[in-house]
Every structure is written in structure tokens, then in C-alpha cells.
Amino acid sequence: MCGIVGAVAQRDITPILLQGLKRLEYRGYDSCGVAVHSDGELRRARSTQRVAELESQVQREHLSGFTGIAHTRWATHGAPATHNAHPHFSGQGKGVARIALVHNGIIENYEELRTELQAVGYVFESQTDTEVIAHLIDHLYGGDLFEAVQQATRRLNGAYAIAVFCRDEPHRVVGARHGSPLVVGRGKNENFLASDALALAGTTDQIIYLEDGDIVDLQLARVWIVDVDGHSVEREVHTVHIHTGAAELGPYRHYMQKEIFEQPRAVGDTLQAIESITPELFGDGAYKVFKNIDNLLILACGTSYYAGLTARYWIESIAKIPVNVEIASEYRYRDSVPNPRTLVVTISQSGETADTLAALKHARGLGMENTLTICNVATSAMVRECKLSYITRAGVEIGVASTKAFTTQLTALFLLTLALAQANGRLSDEEEAEQLKALRHLPVAIGAVLALEPQIMAWADRFATKENALFLGRGMHYPIALEGALKLKEISYIHAEAYPAGELKHGPLALVTEHMPVVTIAPRDGLLEKLKSNMQEVHARGGELYVFADADTKIGSSDGIHVIRMPEHYGKLSPILHTIPLQLLAYHTACARGTDVDKPRNLAKSVTVE
Ligand code: G6P
């Protein structure tokens, strides 16, 4: 992942680079750095703290320049230490640095290149795969940076987006991408590079999305792009209006808390003002596609994968179409049996997740051309790559742990379920009206669940002292248990696992003692009596049950059984409501443990490496 910003201008570009980095911190925050061309030499500042600290360092050291690059890192090769932070320099061996480079991605043949470059005298300062690119470009440099980058990229295996500049060519930054995102921002007598247009908001809204294999030459008044075959190409310039106003915290302690409380609005916006269900909500031609498919293949990672798992229950039960849900990173590398009459659905908050994009391409490569994405970013690669799409309206999600993105994905997936059912003659008018009514009521229903926060906070204080937790759910609430466990481990660092409650006796029951809290999702559905038996199995072994029960389940609190009542049972949409208390439990437990809730250790919001 990592975030890249680059600039060529006739003004000091350090504020633009630093502002860009702040907006890209969601891509990783293990370290950050900036390098500029300043009075004929390359200067840099690097920090293992957050961008705000780097900013103070830049000011203290009076770093400024008209040309520069910057980076925020999510460590792959080499610890998050200053010497591994980007930008990397090359040429110091010869006295002064000549090449400065930042990189996003992974170079798979870096060991071989490192040995080769060491043999010709390059001394490595870091453990990164990135440093080999800087030295390789320096080694190949013969007076033209663009040519050196072109030659160097031919030697690289793996995925990368890079931005590089050279001491000897002060008004030039060269960028290249292969498998990792990179955009160009056009200005008037100034040009920019970034791994996400968001980084350039407020600087320019004229954005070019580079394609795989592109190399771009950025000068003051020129943007020249050469494609993978070495041909000069024109790429469309998009006017992209990016909303950066999500930054205000308001009365909340963290963005995650704010985003949890934004869910009534986010879900409402995702539903827009839908009057009736029609496949065309997913794009032109959707009816024909939905009508002519045999099955669905849902591909996603992380929280988005759990949204997919939930959707399988809905689609198979309501639209009666078989669904497979696969973790994208597994699907892309396994032998599978393709069916051209499959609808491939990707789910992604960011629309940039490397594994999901690669899985999508893999599916297409196997002849499955019907593609649809549920995505939160309308300008993302995922939306551009899919035939059909539905844009969730969660708004920018800053907290690394996904909350409103998940519930809006579920909302969109429920709409997809209804649209598939309708296209296949399985949705009567009455049913459509009833489901639409339930959907429209969702924001209010979520609001009522959010009001449970004080009760959940009391539980969180007890959870904060634990090191393990189990989450149980059944049926369509099993994926919600998975999501609840993921939230808790991501931000509180408590080891948490989720199981379908019926599976407990096949192994995990061995873990249950009086020290093991067992969170149970107990909606009033057809599996409730079975679930109650599973709860007894825990109770009999001394386990402490924490139950989120629908109002009319008749599960009462007693010794070792703590119950919080959900305001109402919500039928098929119940998984959306049962997600909310689990988010709040994870959030308040993390707060009680004093972790960095919005930026949990080792994680990143957008994962653009495989
Ligand atoms: C990262 C994030 C998760 C997210 C996953 C998939 O791991 O931390 O919150 O669920 O990526 O991201 P996507 O943008 O594809 O939904």
C-alpha cells in the first residue's frame, strides 16, 4: 500500500506534499518522508512518527523546493525504522545523492537485483525492496531520467507505483505504475502525482488515471505518457470533485465513533430516494445480465468479505440464485471451474484493494465477463473495471476499522438481492413494497440501536481486562459474529474468534472457562431455540455469556449471562442492526485499553499490495 505524492511547480511544494501525505495516511502510517530539490541538491526528512511530526521536522530544517516527492509507508520489507523510510536516495557513494525515489508495492526479484547492484559497488542503507529501484535507476542513468526509468522498470518483477526525481534535472518528476495505483494531477505550469486523487484535492481537480505499464514524464508545462509497449499515449483528463470535509470530529473522540454514529445517514444516503426496485439501479443493461446468469461469485477481502458472506444468505433465500463467496487473495491463485454465466461481484470500500482487483481480472481472464462492484469510491479502479456498479454513499471513512462502509455495503447488497429476485420473477409487488418499507425504516432502527451505547460501555470495561473472546452467531448472523470478532481484534488487540454456534462443540468449547467472554448474537429467528441450547453448553462450562438479544427472545440476565436487548427484531435486515452493538463494543473496549483506535498497529485502510 503506502501513499505517494509528487510535484513539479514554481512554488514551494512542501505544503502540498505534506497535505497530500496527511490525506494518504490511511494507506499506512509506519513511517513517512519527503524529499525536495533544493539549491542544486537533494534534501530529505524522514520520520517514524505521524505526518504532523514530519511537518515540524520540515519546518525546523527549513526544507523547501519546487520539485519533490513524499511517501507514507506501510512496511513490507524491513522494519518501520527511519533508515527504511522513503524517499530512498542513490548516488551517495559517489559523494552526493543523485536519485530520490518513493515506491508503493513489492518488488519480487529485489534480492537478485540487490546482489547485482552490490557487485557494481552500490551500498545499501535499508532492508527495503525499494532501495534497489533507486540504485538501479542511478546505475542506468545516462542524462535522461525518463529513459533510465523506462529501462529500470523492464527489470522489475512484482507490483509497483513509483515517483522519482534527479538532482541533475531539477524540473522533472517521473512516475511509473504496474499493479499499484497512480494518478497525475494537472495544473497550470505545475503538475502532480499521487497514489489517490484525494491527496491532490484543493490543489487540482484535473486528474489522469494512469494505466498499468504507463510511465509518465512530469515537467512544468508537460505531461507525457508512454504505455506498456513504449508508445506515446493520451489519457483522458477527468474533472474530479473530491470532498475532503470528513475531517471534522465534532463531539466525537475518534473518527471510528463518529463513523459508527453516522450510519443512519450513510445507510439513508445509500438508499437514495429509491421508489421501486429495478435492476437498472446497478447500471444500464443490468436486467439482461441478471436474467441470464446461473450463479454469483462474490470476491472481497476483510470486512467486505463478511458483507459478501451475509449477502449469500439473502440471495440464496430470496432470489434463489446459488452464490459462492471467496476471499479474493485465495481465489486468484487457485484452480477453479469457471462458468461464463456467472455474475462476478466484487465488494470493496476503497475500490483499490490489490487482491480484489487481481481476483476480478483473474475471473475475467477465465471468461467471466459479467462483473458488478459494490464500492464506496465512484472514481476507483474497481468501478472503472466493472460493467455494473452500485456506489455506497458512506462518505469518506477515516477510521481504519470499517464501520459505516460495512453497513452501507450490506444495504446495497440487499438491494442487489431484491433486484436479482425481481429480474428472475421471484419478487411479488407486495414483497417489494414490504422490503422497501423495511429498508426505508433502517436509518431510524439503527438510531435506536445506537442509543444502547451506555449499556455497551459498561460491558466494554469488563472486556478490556480480557485477552481472548469468542463470538457466536448462526445463519446470516454468523458473518456478523465474524465481523464483530474482527473489529475487536483489529482495534483492541484482544484475540477474538467467531464460530457458528452449532460448531462450538467441535473444538472451541475446549477454550471455554470462566475467563472466556462469549459474545452471542441472538435474534428472534428460526434458529433461536438451537442457539439457546448452544448458550447452555457455554454456561454449563462456566463461560460468561454476553448476549445481544432481540426484545422478544425471552432470554433473561442471570448469573454468568448478561443480556442487552435490541429494540426490535428486523427480519431479513437484522444482520445490519446486530452489527452496530458489536462495533460499539469493540470501540469502547479499545478506548478502555487506550489503543490508537483510528490507526491500529500494523494495519492500513487501503491495501494496495497483495
Ligand atoms: C483493509 C482494511 C479493512 C477492509 C479491507 C478490504 O484490510 O483495513 O477495513 O475491510 O482492507 O478493503 P476494501 O477497501 O476492499 O473494502
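Residue numbers start at 1 and run along the sequence shown. Counting starts at 1 for both ligands and their atoms, following the listed order.
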Check your understanding: Between Y499 and F471, does the ring centre distance come in under 6.0 Å?
Key ->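 Ring centres of F471 and Y499 not closer than 6.0 Å.
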
Exercise for review: Give the protein residues with at least one non-hydrogen atom closer than 4.0 Å to an atom of ligand 1, ordered by chain and number.
Suggested key: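 Contacts of ligand 1 under 4.0 Å: C301, G302, T303, S304, S348, Q349, S350, T353, V400, S402, A604, K605, V607.
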
Review point. Under 3.5 Å, is there a donor-acceptor pair linking the side chains of E453 and H588?
Key: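 Side chains of E453 and H588: pair found under 3.5 Å.
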
Exercise for review: Measure the acute angle between the ring planes of H103 and H86, then classify it against the limits of 30° and 60° as parallel, tilted or perpendicular.
Suggested key: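 Rings of H103 and H86: parallel, as their planes differ by under 30°.
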
Review point. In terms of ring plane angle, is the pair F282 and Y390 parallel, tilted or perpendicular, where the classes change at 30° and 60°?
Key: tilted

Review point. Do the non-hydrogen side-chain atoms of I494 and R593 ever get within less than 4.5 Å of each other?
Key: yes

Exercise for review: Go through the steps for H578 and F548 under the test ring-ring contact (aromatic ring centres under 6.0 Å, His included), then give the verdict.
Suggested key: CA-CA 8 Å; H578 271 278; F548 291 103; 7.4 Å; no

